[in-house]
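Data first, discussion second: the structure below is written as structure tokens.
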Amino acid sequence: MLSRKKHLEVLLTRAQEEYVWDVIVIGGGATGLGSAVDAASRGLKVLLLEGHDFAKGTSSRATKLAHGGVRYLAQGNFSLVREALEERGRMLRNAPNLVKPLAFVIPVHSVFQKLFYWAGLKMYDLLAGKLAVGPTTMLKKNEVLRAVPTISQSRLKGGVRYFDAQFDDARLAIALMKTVYKLGGVAVNYMPVTGFLKADEKITGVQARDEFSGQQFSFKAKSVINATGVWVDELRKMDSGESKPILSPSQGVHVVVDEHFYPGKEALLVPKTSDGRVLFVVPWLGKTLIGTTDTPRQDTPWEPDALPEEIDFILNTAGQYLANAPTRADVRSVFVGLRPLVSAGEEKQNTKSISREHTVITAPSGLISITGGKWTTYRSMAEEVIDLVCEQQGWRNKPTRTRHMRLEDDLPLRKPGSALHPCLELNAAEIAQAVLEEMAVTIEDVLARRSRALFLDSAAALACMNEVRFVLQNELRYSDEELDRQESKFRAIADQYSCK
């Protein structure tokens, strides 16, 4: 049973024994969880500490695609595309219940466009090698209409079909958390790191606080990894006030509308929008997901707001390609993710650039910070950073086992029971499962990440709060005051996810 209470007791016992961990990972997103899994797969003693919930930040707000990045192909970055395509193949093989092949259709308005995209995506297939998902093919106009029945026929001359993969990001994060435990590691949410333990200016562990009890803890470790995503600079500053920021964050917005706007089983890719990006229209869990944008930010809030012009841009662009264009009134949910983009002015000393997309930095204190990248390459990033840890610690003959290792990726059990809302597939038994088996401890945990209710329909998620309150109070013995606090917080978050 993976309730937070049970595993917190194990952690507290080890803290009292002054247990020394081989590796402490700070951050429970894709990179942190992947790093903990990789370290545990090598037989290392691993502790992961997450200040909020697993995948609370960027890692639950992706476009839900495992892909090589077709836009990097156009830039000639073949090594990055090849790495991502290899990892896409491993995700499909290692988590087959959570990662599925998905066909994409690119509509074209001329024969030249068709030949151009077909040739480029044939290269995409070639770079994937034996891990390719499916062959790229040209489509006639009638074939595009069969695949995408609600596409606008204005100037449509046919299309190109290629293949990538789709997954549920938050659910894959929970699978990684479960895998950490299966391999003998420990991962705890709502345990923010508040400081570092040091001896002779070298980090020897961390100080942390339980968000629910307020109790303070000290955990010793031989190596500490900062995998906090867009908040990586905050931990680096905590380590040393002289650390210079290495990130230039941006935000990506997604809108979710009903399935009837896009009833196809294949996704739509708009290859070049007015801002030079690509736009995806993707079937997801009975809804249609449309995104994304790229807007620079100077701050890194936990719940960033979508700008009105970002929502308008997505809807207007989608409306150019869909016969029935969605409007603001049709939006069921809006979610925003922050990208940890490494700035051009990154520190060069003691820096190991794994690829253009992510970077590893070792501070004079020994703190290892890893940031950047994307969900598709989480595993290879984790392998690289744990290789570095082993090299620094002199640990030999500890190769990773994650390249071919199946994750604990069972889908949530479809337990019997009436759905709590006609727009959601969620019942009381599944809420109890999230609390007792998946370390959910708040209303938001259940409705945002163990289920995806908030991301699919923010109003419907609000309607399910009372049932979640009941289960939490019954299983975790929360007071009415604590549940009132959680409800007030969730109402505020749900308001941000609505299209105002």
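These numbers come from a predicted model, not from an experiment.
- Side-chain N or O atoms of Glu475 include none that pairs as donor or acceptor with a backbone N or O of Leu436 at under 3.5 Å.
- Taking Tyr378 as the reference, Trp375 meet the ring pair (Phe, Tyr, Trp, His ring centres under 6.0 Å) condition, with sequence neighbours excluded.
- No side-chain donor-acceptor contact under 3.5 Å links Ser41 and Asp38.
- Salt bridge status for Glu87 with Arg90: present, with a side-chain N to carboxylate O gap under 4.0 Å.
- No hydrogens or angles considered: nothing links the side chains of Asn226 and Arg236 as a donor-acceptor pair under 3.5 Å.
- One finds no salt bridge joining Asp164 and Lys100 here, because no Lys/Arg side-chain nitrogen approaches an Asp/Glu carboxylate oxygen to under 4.0 Å.
- For the residue pair Arg209/Thr194, the side-chain donor-acceptor check at 3.5 Å is not satisfied.
- Taking Trp302 as the reference, His52 meet the side-chain hydrogen bond (donor to acceptor under 3.5 Å, both in side chains) condition, with sequence neighbours excluded.
- By the 4.0 Å N-to-carboxylate-O rule, Glu86 lies too far from Arg82 to be salt-bridged with it.
- A donor atom on one side chain and an acceptor atom on the other are found under 3.5 Å apart for Glu83 and Ser380.
- A salt bridge links Arg452 with Asp169: the closest approach of a Lys/Arg side-chain nitrogen to an acidic carboxylate oxygen falls below 4.0 angstrom.
- Between Tyr162 and Tyr124, the two ring planes are perpendicular [angle over 60°; tilted spans 30° to 60°].
- For the residue pair Thr293/Gln251, the side-chain donor-acceptor check at 3.5 Å is not satisfied.
- No hydrogens or angles considered: nothing links the side chains of Thr376 and Arg88 as a donor-acceptor pair under 3.5 Å.
- A salt bridge links Glu444 to Arg449: one of the charged nitrogens lies within less than 4.0 Å of a carboxylate oxygen.
- Using modelled atom types, one finds a donor on one side chain and an acceptor on the other under 3.5 Å when comparing Gln392 with Thr362.
- Remark: the Thr63 side chain and the His254 side chain contain an N/O donor-acceptor pair separated by less than 3.5 Å.
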